[in-house]
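Just so you know, these numbers use all the heavy atoms, side chains as well, and skip hydrogens, waters and symmetry mates.
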2 protein chains.
Amino acid sequence: MTIAKVTEKYNIPEDTLRYYERIGLLPPVHRGKGGIRDYTEEDCRWVEFVRCMRGAGLSIEVLIEYLRLYQLGDETIDARKNLLVEQRAQLRAKLEEMKQTLERLDYKIVHYEKITLDKKVENPSCVRVP
Amino acid sequence: MTIAKVTEKYNIPEDTLRYYERIGLLPPVHRGKGGIRDYTEEDCRWVEFVRCMRGAGLSIEVLIEYLRLYQLGDETIDARKNLLVEQRAQLRAKLEEMKQTLERLDYKIVHYEKITLDKKVENPSCVRVP
DNA sequence: TCTTGACTTGGAGTCGACTACAGCCGGTAT
DNA sequence: ATACCGGCTGTAGTCGACTCCAAGTCAAGA
């Protein structure tokens, strides 16, 4: 699969795919004639995995480490699991924080809607909070 | 309230508080003798608000705009509400994405645990996926 | 044969969000 | 009087994560 196809399929710019590979966030992609990249099924799985994890905010550094461990084989299964457990904990925490903030936004929006209604009935009962 | 107290209370570095004020992410803080900042209750509410929203990933740009609108008074209530509604939508989407990823991590971790167990009973039934 | 277009590398530039000084000021403790 | 805080401004530097570009290669089509 050419880089253009991968870009199209996963919606990741070509430059970014090359960059990911260069820094070791993707395994070295096999090259065909003239050094042109030819992404295998497994390469694509990595691309998708990285997109997913980056989308959730995992750092590039951590993902490079994960790939590195993966490439070292079965010896690193424990280390990989620990890495994922750690990242999961952080993700959980972030998620919780964001849920709280979402609720706060809900509350504020309701507040703004109340103000607007109050104004319509000429009864301004709003308080000044951020 | 001095900047040091605010730093301590909200766990935001002094440099960052000054930076936030400079770029208009906080309203101009009143100064006492010798130009020293004296944060009011309302200033603190903004600090806390900004910390919360930044923590959820809202951009500085958007928050500056929100403060700007707020400072323009009641004329901008609608605009502010719209801004919040938009940001809430984005936050919801991000949250959903992260939830999916969290589940995926759960799944992968379980998978790694299975591998470890399998190995203990000399029955390696694992597949090679990222 | 020449051009076009998809790909390559290597390196530099950008962007958002801080973060770290250098150098100065004013009040208090020794 | 001096030294030390704690704060101030202004500017520059850092960091993570891309993003852009020049210059080159190669294959296929007019």
query = Does B:T16 make a side-chain N or O approach to OP1 or OP2 of C:dA17 shorter than 4.0 Å?
reply = no
From CD of B:E8 across to P of D:dG6 the rounded distance in Å is 12 Å
**Message:** Working note: A:I60 + A:Y19, criterion side-chain contact (heavy atoms from CB on, under 4.5 Å); need CA distance, chi angles, decisive distance, verdict.
**Reply:** CA-CA 11 Å; A:I60 282 191; A:Y19 163 67; 4.0 Å; yes
When A:L25 and A:G34 are each assigned the nearest nucleotide of DNA chain D, the 5'-most assignment goes to A:L25
From CD1 of A:I60 across to C1' of D:dC15 the rounded distance in Å is 12 Å
B:I23 atom CD1 is separated from C:dC15 atom C1', nearest whole Å, by 14 Å
May I ask you to decide if the ring planes of B:Y70 and B:W46 are parallel, tilted or perpendicular, using 30° and 60° as cut-offs?
-> perpendicular
Closest of C:dA17, D:dA17, D:dC8 to the A:S59 side chain is D:dA17
Quick note, B:R22 side chain, CB onward, closest among D:dT11, C:dG27, C:dT8 is D:dT11
In whole angstroms, the gap separating C1' of C:dC7 from CD of A:E21 amounts to 13 Å
Among the nucleotides D:dG7, D:dC8, C:dC7, whichever has the atom closest to the side chain of B:T2 is D:dG7
- request: Count the heavy atoms belonging to other residues, nucleotides or ligands that lie under 6.0 Å from CD of A:E8, then report whether that count exceeds 12.
  value: no
Between CG of A:D38 and P of C:dT8 the distance, given in whole Å, is 10 Å
Closest to the side chain of A:R18, out of C:dA20, C:dT9, C:dT19, is C:dT9
Against the side chain of B:D15, the closest entry in C:dC21, C:dC7, D:dT9 is C:dC21
Taking for A:G35 and for B:G57 the nucleotide of DNA chain C with the nearest heavy atom, the one nearer the 5' end belongs to A:G35
*asked:* Using ring centroids (six-membered ring only for Trp), state whether B:F49 and B:Y10 fall under 6.0 Å.
replied: no
Phosphate contact (C:dC18 OP1 or OP2) by B:R54 side-chain N/O below 4.0 Å:
yes
Review point. Using a cut-off of less than 4.0 Å, is there contact between a side-chain N or O of B:R31 and OP1 or OP2 of C:dC25?
Key: no
Separation of D:dG7 atom P from B:Y19 atom OH, nearest Å, is 22 Å
In whole angstroms, the gap separating P of D:dC8 from NE2 of B:H30 amounts to 13 Å
State whether the number of non-hydrogen atoms from other residues, nucleotides or ligands found under 6.0 Å of B:E113 atom CD is greater than 12.
yes
Atom OH of B:Y20 and atom P of C:dA17 are separated, to the nearest Å, by 9 Å
